[in-house]
Amino acid sequence: MSETGIPQMRAVSQDTPGGPEVLKVITTDRPVPGPTEVLVRVHAAGVNPTDWKTRAAGRFLSGSEPPFVLGFDVSGVVEAVGLGVTLFAPGDKVFGMPRFPHPAGAYAEYVTAPARHFAHLPADLDHVRGAALPLAALTAWQALVDTAKVRPGARVLIHAAAGGVGHLAVQIAKSRGAYVIGTARRAKHDFLRGLGADELIDYTEQDFATAVRDIDIVLDTIGGDYGARSLRTLRPGGSLVSILPLDDGFPADRAREARVRAGFLLVEPDRAGLEAVADLVNSGKLQVNVDKVVPLEDAAQAHALGETGRTTGKIVLTVAP
């Protein structure tokens with residue numbers, strides 16, 4: 001409790017752009033939920049590439065600048081509800097990706113956000129795995145289901161298939177009856193076969209652009225020249241969905257000539273998508289792999305690990321016991 005009587009909480013903040021070392025634990029005021037909002041006691045917070053990119057740039061996509069608290073993936077328990085909230089009550093276990101791309105402050109003991117940015121945590125899921133799901137699973141769902149309309153029999157190419165988004169995308173595509181081809185280092189092939197991948201390409205040994213053809217959907221989680229190279233794999237009428245802005249040199253004219261739809265997807269908070277993801281978890285069709293779990297105060301270590309690009313699945317911060 002502060003001298004003014006406002007309850008306090010721990011959070012990980014930064015004052016300047018920079019490397020992982022700029023992250024520090026602070027004590028700050030606990031937020032209060034406004035109308036249609038919930039206050040969630042955070043038990044675990046997922047770590048995503050957008051977190052370390054925001055930290056390094058010192059700026060959110062929405063324009064917010066330091067000091068700020070990073071993090072979007074939340075799993076926790078509803079502590080209080082604001083005026084007009086009917087979806088949740090105190091004590092409910094929830095998970096979500098609140099406010100993206102505006103600051104959500106998930107690297108903290110409490111967050112507030114619109115109630116509809118959350119969904120009930122699947123019954124068999126603990127908070128660590130719950131925090132690993134929202135941003136990555138929603139990205140995969142919105143790319144493959146909402147945007148590309150994946151259907152049974154579709155041939156789907158997923159880049160960085162063992163990554164946070166990739167390993168969930170493999171399972172979501174399989175749950176829709178697709179034939180899934182993934183790119184990943186050979187050491188991760190057994191892991192991906194266990195998730196249902198039908199065909200795998202080690203990008204260090206083989207050029208995917210010459211190895212596969214007649215692809216209906218490409219999910220590009222890497223960026224750079226991957227989008228342009230992926231055009232060669234797509235059949236007419238196919239879709240290229242990139243979760244990073246398409247490179248300035250992307251040949252849009254060639255895509256149109258090939259009758260390929262190509263675009264950049266920025267994930268959005270999505271209650272319906274979260275509930276669809278929860279249904280897949282409950283039915284045993286979707287599991288999230290957590291590569292590393294570290295306490296909130298070691299957020300810098302989590303960022304350093306994530307920036308190696310060698311994790312399999314997700315990194316999660318534990319916040320409440």
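FYI, the numbering just counts along the sequence from 1.
Gln14 contributes a side-chain N or O that, together with a main-chain N or O of Thr16, makes up a donor-acceptor pair within less than 3.5 Å. Asp216 places no side-chain N or O within 3.5 Å of a backbone atom of Val156 that could act as its donor or acceptor partner.
Cluster membership check: Ile222 shares its hydrophobic cluster with Val212, using side-chain heavy-atom separations under 4.5 Å among Ile, Leu, Val, Met, Phe, Trp and Tyr.
Salt bridge Asp15/Lys24: present, at least one basic N to carboxylate O contact under 4.0 Å. A salt bridge links Lys174 and Asp198; the closest N-O separation between the charged side-chain nitrogens and carboxylate oxygens is under 4.0 Å.
For Asp214, there are no side-chain hydrogen bond (donor to acceptor under 3.5 Å, both in side chains) partners, not counting sequence neighbours.
Shown here is Glu307, whose CD atom has more than 12 heavy atoms of other residues, nucleotides or ligands within 6.0 Å. Heavy-atom contacts from other residues, nucleotides or ligands closer than 6.0 Å to CZ of Arg235 number more than 12. Counting heavy atoms of neighbouring residues, nucleotides and ligands inside a 6.0 Å radius, atom CZ of Arg30 exceeds 12 of them. Annotation: Lys93, atom NZ; neighbour count of heavy atoms from other residues, nucleotides and ligands within 6.0 Å does not exceed 12.
Annotation: His117 is not in aromatic contact with Phe100 [ring centroid separation under 6.0 Å not met].
Looking only at side-chain heavy atoms (C-beta outward), Ser239 and Arg261 come within less than 4.5 Å of each other. A 4.5 Å side-chain heavy-atom check between Pro31 and Met9 finds at least one atom pair inside the cut-off.
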